[in-house]
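Worksheet for the structure shown next.
Just so it is clear: chains get the letters A, B, ... in the order the sequence lines come, proteins before strands, and each one is counted from 1.
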Protein chains: 2
Amino acid sequence: MNVNLKQLAEMLGLSQTTVSRALNGYPEVNAETRQRVLSAVRETGYRPNRAAQRLATGRAGSIGLVMPIAQGIDSDVHFGEFLAGLGEESVRHDFHFVINPSAPDDEEATFKRLAASGNVDALFLAYVRANDPRIAMLKSLSIPFVVHGRAVGQPADYPFLDIDNTGAFYDATRLLIQLGHRRIALINGPGNLTFSIRRLKGMRRALEENGLQFDERLVQNSLMTDEYGHRAMQQFLEQGEPPTAVLCSSTVIALGAVRAIHRAGLQMGEDISLIAHDDVLPMLKPENFSVPLTTTRSSLRAAGSRIATRLISRILKTGDYPEQELWRTELIVRASTGPAPKS
Amino acid sequence: MNVNLKQLAEMLGLSQTTVSRALNGYPEVNAETRQRVLSAVRETGYRPNRAAQRLATGRAGSIGLVMPIAQGIDSDVHFGEFLAGLGEESVRHDFHFVINPSAPDDEEATFKRLAASGNVDALFLAYVRANDPRIAMLKSLSIPFVVHGRAVGQPADYPFLDIDNTGAFYDATRLLIQLGHRRIALINGPGNLTFSIRRLKGMRRALEENGLQFDERLVQNSLMTDEYGHRAMQQFLEQGEPPTAVLCSSTVIALGAVRAIHRAGLQMGEDISLIAHDDVLPMLKPENFSVPLTTTRSSLRAAGSRIATRLISRILKTGDYPEQELWRTELIVRASTGPAPKS
DNA sequence: GCCAAAATTCAAAGCGCTTTGAGTTTGCTA
DNA sequence: TAGCAAACTCAAAGCGCTTTGAATTTTGGC
């Protein structure tokens with residue numbers, strides 16, 4: 001049914017070499033010949049056999065993902081959304097995935113095995129931790145990779161795509177301060193992940209620049225779930241002097257926080273202000289909250305798609321993308337923020 | 001660095017044929033020879049080149065997934081969790097994924113393209129709709145597949161893995177009736193998906209068997225998100241004669257429903273009872289709710305893993321699994337259910 | 001018109017594995 | 001001890017593509 005190169009070449013009265021070159025964009029092919037080849041491809045529906053291509057080129061045509069199965073991370077909404085972006089772009093280039101679920105303490109070995117197996121020609125790392133040893137390991141592996149996020153405490157001398165977490169939370173905090181808030185809380189992600197570290201840093205910087213004291217009791221680290229968000233907010237509200245504003249590291253966390261706020265009989269944007277980081281999860285839109293959420297926004301799906309693009313271009317040696325990208329976030333003001341209540 | 005078959009055979013003083021057979025478990029190899037081969041593999045760390053294997057066997061070694069990007073389904077927590085199970089099992093057999101994000105109206109074409117490409121040797125279908133045309137298409141495709149779920153309104157003459165949705169919601173409803181509830185509501189998933197249809201059917205059957213009237217105003221179809229769950233519950237509570245019990249098609253929906261219930265000042269398990277279907281999402285455990293949830297339980301991850309097992313065994317023609325499986329769910333009673341309030 | 005250089009095209013050699021069909025041993029039976 | 005099946009092992013032919021190195025055809029300058 002499906003034609004192969006040989007048959008196609010025969011039909012055209014050409015050699016396999018020429019047809020192959022015509023298809024792969026090599027310059028030494030007559031323009032007219034190339035046209036003939038292309039239209040024959042269209043007629044026959046010829047699709048090169050990927051396995052043969054892989055064997056011949058030595059390229060695996062796939063990207064290795066290590067899917068973390070640590071508690072609270074696995075099957076994370078955020079991971080799913082990111083994956084959608086990655087998939088969208090990869091499928092366009094006929095790339096596969098090798099998804100390796102792996103426990104955190106086994107990840108290094110998993111990466112090594114993946115790289116050595118020859119089954120993937122690029123790796124992808126996410127959920128970076130402070131001083132993450134996995135990055136040094138990736139660098140030693142002689143296989144392209146892109147890190148989603150960045151380590152802290154070590155030079156950023158590797159390919160990454162990160163958002164400006166420090167800047168995002170700096171901006172958000174500054175806005176709250178401008179609105180008159182003095183006691184600002186943070187419900188952050190897990191404390192060992194670098195995005196959490198940077199968000200905290202951004203918040204502290206804004207506080208310090210405005211001569212405000214940083215209060216440790218106003219920071220909680222939490223899994224990125226509704227449940228933990230709720231719990232954290234509740235603890236804040238039970239404190240002697242509760243915060244008048246709160247930053248949430250995810251709209252999922254905000255979901256729980258908002259619940260706790262309502263439960264306490266407080267009015268969002270009046271009694272208490274809230275800013276969440278919005279990964280643009282289609283199932284959880286900040287504008288659909290009962291009180292629409294002010295957010296710092298950056299699309300996770302877009303990040304996934306971009307990383308796929310960069311990885312594939314590296315593998316195929318086409319195009320030329322920057323090795324390091326830091327995306328700015330947008331601060332979008334909605335109804336959940338307002339002036340600090342007069343106490 | 002990496003040895004290949006040829007080198008391995010040379011080292012052992014054997015032919016490639018024999019080594020290959022020893023590795024692939026063919027019977028015509030001397031037991032002692034096989035042991036020598038296996039220990040040599042261990043020493044050298046030999047790993048067969050998958051591309052070559054694929055080319056030689058004609059098997060692609062990968063499973064095609066069509067990741068729905070319909071609103072409210074894409075990057076669904078439930079999909080992520082399922083994927084984790086699928087990945088866990090596949091990685092064990094060195095299988096890849098081809099993840100095709102695809103809009104619903106393009107899914108048929110996507111499947112066809114995938115099957116024809118030769119890049120996958122099995123397909124997987126989920127989010128089955130009533131009278132789903134995609135199933136007939138899969139059957140015509142001469143490539144193994146497993147459906148997660150079942151169609152309604154057509155014979156189930158294809159491989160599937162489904163849970164007994166009808167039974168689950170029948171049991172749950174019956175329990176509520178036994179507790180004295182007469183007005184029972186349902187916050188279901190999207191109305192066009194077959195699991196929703198069956199859950200409704202289970203509920204209706206239990207009502208009818210107990211001589212209770214089914215009330216259309218007590219059923220809502222909703223995306224499987226917190227937000228929609230909340231909205232649906234709110235509408236129920238605003239009705240003239242609100243329900244005393246409610247069934248939720250997912251713990252994610254329950255999250256929102258519980259919020260609405262608390263907001264209305266009602267006490268779970270006393271003023272109103274709630275039973276949710278629990279897919280065993282690690283990020284959302286029914287026992288961690290402020291009032292632990294009574295649930296019908298069936299692990300999505302286990303389903304993913306099982307489907308991978310079946311698909312791979314079909315491809316490799318090893319083992320022998322049933323073509324059709326219907327998993328019963330467990331009804332686990334916790335604090336969110338109680339006797340109907342005396343009105 | 002002739003010839004070197006440029007433009008095309010080609011035959012054939014892999015890539016690393018599986019599998020066919022045939023050869024070589026070995027173990028028994030008669 | 002011959003003879004034959006059973007048990008092993010092997011050489012070689014693909015799988016369908018890319019790529020090298022060489023062959024052929026065109027082109028353009030003189």
Residue list, side-chain hydrogen bond (donor to acceptor under 3.5 Å, both in side chains) with Thr18(B), at least two apart or on another chain
Ser15(B)
With Arg328(B) via side-chain hydrogen bond (donor to acceptor under 3.5 Å, both in side chains) - residues at least two apart:
Asp164(B), Asp171(B)
According to ring pair (Phe, Tyr, Trp, His ring centres under 6.0 Å), who are the partners of Phe97(A), at least two apart in sequence or on a separate chain?
none
Atom-to-atom span, [atom1] of [X] to [atom2] of [N] - whole angstrom:
X: Leu55(B); N: dC15(D); atom1: CG; atom2: C1'; answer: 4 Å
X: Asn30(A); N: dA6(C); atom1: CG; atom2: C1'; answer: 13 Å
X: Glu32(B); N: dA7(D); atom1: CD; atom2: P; answer: 17 Å
X: Gln7(A); N: dC15(D); atom1: CD; atom2: P; answer: 10 Å

If the condition is salt bridge (charged side-chain N to carboxylate O under 4.0 Å, His left out), which residues does [X] pass it with, not counting sequence neighbours?
X: Asp320(A); result: none
X: Lys6(A); result: none
X: Asp94(A); result: Arg47(A)

Sequence neighbours excluded, which residues qualify as side chain to side chain contact (heavy atoms under 4.5 Å, CB included) partners of Arg314(B)?
Pro144(B), Pro159(B), Glu323(B)
Could you go through nucleotides 17-22 of chain C and list every protein N or O atom that sits under 3.5 Å from one of its N or O atoms, giving the distance for each pair?
residue	atom	partner	partner atom	Å
dC17(C)	OP1	Tyr46(B)	OH	2.9
dC17(C)	OP1	Asn49(B)	N	3.1
dC17(C)	OP2	Leu5(B)	N	2.4
dT18(C)	OP1	Asn24(B)	ND2	3.1
dT18(C)	OP1	Gln53(B)	NE2	3.1
dT18(C)	OP2	Ser20(B)	OG	2.7
dT19(C)	OP2	Tyr26(B)	OH	2.6
dT19(C)	O4	Thr17(B)	OG1	3.1

Side chain of Leu14(A) (C-beta onward), nearest among dC10(C), dT8(C), dC15(D)
dC10(C)
Take the C1' atoms of the five end pairs on each side of the helix from dG1(C)-dC30(D) to dA30(C)-dT1(D), derive the two axes, and give their angle rounded to 10 degrees.
50°
Is the terminal nitrogen or CZ of Arg310(A) (NZ for Lys, CZ for Arg) located under 6.0 angstrom from the six-membered ring centre of Tyr321(A) and within 45° of that ring's axis?
no
